Amino acid sequence: MTSTSPLKTVILPSDQDSTGRDLGAEELELLEKVIHSGTLTSTKGFFTRSLEERFAAMLGVRKAHACASGTAAIHVAVAALDPNPGDEIVTTSITDMGALTPLLYQGAIPVFAEVDPLTLNVTRKTLESCLSERTKAIVVTHLFGHACEMGGIMDLARSRNIPVIEDCAQAYLARSDGKYVGTFGAIGCFSMQQGKHMTTGEGGMVVTSDESLARRMFLFINKAWGYGDPNPDHYFLSLNYRISELQSAVALAQLEKLESVVERRIAAATQLTRMLAGISGLKTPQVEPGAVHTYWKYCLNVDGSAIRDGAVGLSKLLKNRGIMSAPRYIQKPAFMCEIFQKRRTFGTSQYPFTLARPEALDYSPQRFPLTLKALNDVLVLPWNERYTEEHLEYIAESIQESVEQLRI
Ligand SMILES: *Cc1c(COP(=O)(O)O)cnc(C)c1O
């Protein structure tokens, strides 16, 4: 067996508690204002409206609407496009389940595109081969903080007149050719869950520059009640997906810190990439030309023919040193989960899968070689804006020494 490490364990800041979250006086001050105001609902308060205005201004879009979660944001975006039952939405199987189940709730069929095995992002090419006459929309996920190739993807989408939803939950302030993700497609979606670049525990945001989509999204968040209309009614089927004023107060304070958080994450990642240069069998994160990667996580690509047991082997040795990395990221592509395999949806109906083309539900592994390769080779390192020189040196040394122990 391998020898034990001579290094003393360095405890890394974690985004699950105060060691790696920047929550303090600024948040408390705004929270106190909400409490004193006595208005905790966004329908009557000031903080959610203010958050939405600032978020929209930050990205340079016309409208932003806050909602209950990133999952809600995806649901709101899909609902705004109003698919007919059985319509197809092309997306990725390497994502959070919260980016997929809303499609099914709206009666749409997720069709899974392959990904680039190094970035784990969908590409113009992988999306194009999944389009059909039933494609209603494309949902792209900017995974780990790295933008998809939006130039090519938007050219494709425009040529087929297909709206694009961008899932930016992991990619705050990430850019492609100088433009923020979330501003390319019809709608951008964000999450403010505990582990995202900014957080209010749970929360989400949708952005758009299309006024009619903005209106539909506002309504979908609000039980489709026409607030402020001369003769308001509940116009269509929808839910209460509102955020509270308490959450918006925290989010407003977090928003002020976002640029600094992103800069520090990028600086730390750039430094680790420099420290890890030249280790054979290991690839540091690929950053596409013209992209600004904002590092929700820091991913290594591990070559299992050079390093024994690949990403899994490396992860085990890093765990011994207190570095909790995730080989395979989400373990398996989403379509391998029971919800898709057994079509567990509404009672025993299997709706909306019952409406799908059989080809759209072909989840056989030979159709997804790139997706399986991507998951097999990826090692996801936790990332944090509070990493210091000492943390980075510890991570780099741990990786170097572990790789040498595992070298074939
Ligand atoms: C976190 C996340 C979501 C879901 O957001 P929640 O706020 O947890 O509901 C959706 N998509 C991606 C890519 C995510 O990382």
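Just the heavy atoms: all of them, side chains too, but no hydrogens, waters or symmetry mates, feed the values below. From a predicted model like this one, the values you see are computed outputs, not experimental measurements.
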Report summary line: Partner of Phe368 under ring-ring contact (aromatic ring centres under 6.0 Å, His included), picked from Tyr363, Phe335, Phe112, is Phe335

Requested in this report: Can you establish whether the number of heavy atoms outside Ile408 located under 6.0 Å from its atom CD1 is more than 12?
Outcome: yes

Query raised in the report: What distance separates Cys148 SG from Arg124 CZ, expressed to the nearest 0.5 Å?
Result: 14.0 Å

Query raised in the report: Yes or no on side-chain hydrogen bond (donor to acceptor under 3.5 Å, both in side chains) for Thr48 and Arg242, after CA distance, side-chain angles and deciding distance?
Result: CA-CA 10 Å; Thr48 303; Arg242 288 193 284 262; over 6 Å; no

Query raised in the report: Do Gln247 side-chain atoms and Gly203 backbone N/O form a donor-acceptor pair below 3.5 Å?
Result: no

Query raised in the report: Checking Gln254 side chain against Thr199 main chain: does a donor-acceptor pair fall under 3.5 Å?
Result: yes

Query raised in the report: What's the verdict on side chain to side chain contact (heavy atoms under 4.5 Å, CB included) for Met336 and Gln331, showing C-alpha distance, side-chain angles and the deciding distance?
Result: CA-CA 10 Å; Met336 295 303 292; Gln331 302 311 311; over 6 Å; no

Query raised in the report: Sub-3.5 Å donor-acceptor pair from the side chain of Thr123 to the main-chain atoms of Thr126, do we have one?
Result: yes

Query raised in the report: Does Asp22 come within less than 4.0 Å of Lys257, counting only side-chain N to carboxylate O?
Result: yes

Query raised in the report: Within the distance-only criterion (no hydrogens, no angle test), does the side chain of Arg265 pair as donor or acceptor with the backbone N or O of Thr294 below 3.5 angstrom?
Result: no

Report task. Would you check, one step at a time, whether the test side-chain hydrogen bond (donor to acceptor under 3.5 Å, both in side chains) holds for His142 with Gln170? Result -> CA-CA 7 Å; His142 306 293; Gln170 304 182 359; over 6 Å; no

Query - Worked verdict on Thr284 versus Thr273 for side-chain hydrogen bond (donor to acceptor under 3.5 Å, both in side chains) - result: CA-CA 6 Å; Thr284 51; Thr273 294; 4.6 Å; no

Query raised in the report: Hey, mind stepping through Asp210 and Thr208 against side-chain hydrogen bond (donor to acceptor under 3.5 Å, both in side chains) and telling me if it holds?
Result: CA-CA 5 Å; Asp210 179 319; Thr208 187; 5.4 Å; no

Report task. Could you please spell out the steps behind the ring-ring contact (aromatic ring centres under 6.0 Å, His included) verdict for Phe346 and Tyr105? Result -> CA-CA 9 Å; Phe346 303 96; Tyr105 271 101; 5.7 Å; yes

Query raised in the report: Would you call the rings of Tyr329 and Trp296 parallel, tilted or perpendicular, where under 30° means parallel and over 60° means perpendicular?
Result: perpendicular

Requested in this report: Take Glu128 and Lys125 through the salt bridge (charged side-chain N to carboxylate O under 4.0 Å, His left out) test and state the conclusion after the steps.
Outcome: CA-CA 5 Å; Glu128 188 163 21; Lys125 198 163 157 242; over 6 Å; no

Query - Check: Arg49 side chain, Thr43 main-chain N or O, donor-acceptor pair, under 3.5 Å - result: no

Query raised in the report: Charged N to carboxylate O below 4.0 Å: is that the case for Lys196 and Glu202?
Result: no

Report task. Working to the nearest 0.5 Å, report the span between CZ of Phe220 and SG of Cys67. Result -> 10.5 Å

Report summary line: From the list Ile109, Ile74, Ile165, side chain to side chain contact (heavy atoms under 4.5 Å, CB included) with Leu103 holds only for Ile74

Report task. List the steps, then state whether side chain to side chain contact (heavy atoms under 4.5 Å, CB included) holds for Val261 with Arg264. Result -> CA-CA 5 Å; Val261 164; Arg264 285 179 285 150; 3.8 Å; yes

**Report entry** Ile162 and Leu156: CA distance, side-chain angles, deciding distance, side chain to side chain contact (heavy atoms under 4.5 Å, CB included) verdict
**Finding:** CA-CA 8 Å; Ile162 299 170; Leu156 169 70; over 6 Å; no

Query - Full working for ring-ring contact (aromatic ring centres under 6.0 Å, His included) between Tyr241 and Phe218 - result: CA-CA 10 Å; Tyr241 268 154; Phe218 169 80; over 10 Å; no

Query raised in the report: Distance under 6.0 Å and angle within 45° of the ring axis: does Arg216 meet both against Phe236?
Result: yes

Query raised in the report: Within a strict 4.5 Å, meaning less than it, do heavy atoms of the Glu88 and Arg357 side chains meet?
Result: yes

Query raised in the report: Looking at Phe184, does the NZ or CZ of Lys179 lie under 6.0 angstrom from its six-membered ring centre and within 45 degrees of the ring axis?
Result: yes

Query raised in the report: Is there a donor-acceptor contact under 3.5 Å from the side chain of His146 to the main chain of Leu120?
Result: no

Query raised in the report: Is there a side-chain contact between Phe353 and Leu104, using heavy atoms and a 4.5 Å cut-off?
Result: yes

Query raised in the report: Do side-chain atoms of Thr91 reach the backbone of Val139 as a donor and acceptor pair under 3.5 angstrom?
Result: yes

Query - Residue pair Arg21, Asp17: steps toward the salt bridge (charged side-chain N to carboxylate O under 4.0 Å, His left out) verdict - result: CA-CA 6 Å; Arg21 296 279 73 175; Asp17 58 42; over 6 Å; no

Requested in this report: Mark yes when over 12 heavy atoms from residues, nucleotides or ligands other than Arg62 sit less than 6.0 Å from its CZ; otherwise mark no.
Outcome: no

Requested in this report: Apply side chain to side chain contact (heavy atoms under 4.5 Å, CB included) to Cys337 and Met97, showing your working.
Outcome: CA-CA 10 Å; Cys337 294; Met97 192 52 79; 3.9 Å; yes

Query raised in the report: Does atom NZ of Lys283 have more than 12 heavy-atom neighbours from other groups under 6.0 Å away?
Result: no

Requested in this report: Kindly indicate, with the supporting measurements, whether the criterion salt bridge (charged side-chain N to carboxylate O under 4.0 Å, His left out) is fulfilled by Glu114 and Arg367.
Outcome: CA-CA 8 Å; Glu114 280 265 71; Arg367 284 198 60 220; over 6 Å; no

Query raised in the report: Glu166 side chain to Gly182 main-chain N or O, any donor-acceptor pair under 3.5 Å?
Result: yes

Query raised in the report: Quick check: does any side chain N or O of Arg343 sit under 3.5 Å from a backbone N or O of Tyr351, one acting as donor and the other as acceptor?
Result: no

Report task. With sequence neighbours excluded, tell me which residues meet side-chain contact (heavy atoms from CB on, under 4.5 Å) with Leu59. Result -> Phe55, Val61, Leu173, Tyr180, Thr183, Phe190, Val207

Query - Check: Glu245 side chain, Phe46 main-chain N or O, donor-acceptor pair, under 3.5 Å - result: yes

Report summary line: The reported gap from CG in Leu12 to CG in Asn384 (rounded to nearest 0.5 angstrom) is 8.5 Å

Requested in this report: First locate atom CD1 of Ile395, then atom CH2 of Trp383, and finally report the distance between them rounded to the nearest 0.5 Å.
Outcome: 5.0 Å

Report summary line: Separation between OG1 (Thr119) and CD (Glu149), nearest 0.5 Å, reads 8.0 Å

Requested in this report: Could you tell me whether Glu401 and Arg321 have a side-chain N and a carboxylate O separated by less than 4.0 Å?
Outcome: yes

Query raised in the report: At what distance, to the nearest 0.5 angstrom, does NZ of Lys316 lie from CG of Leu406?
Result: 10.0 Å

Query - Residue that, paired with Thr388, satisfies side chain to side chain donor-acceptor pair (under 3.5 Å) out of Glu390, His391, Arg386 - result: His391

Query - Crowding at CD, Glu259 (>12 non-hydrogen neighbours, <6.0 Å) - result: no

Query raised in the report: Going by heavy atoms in the side chains, are Leu252 and Ser50 under 4.5 Å from each other?
Result: yes

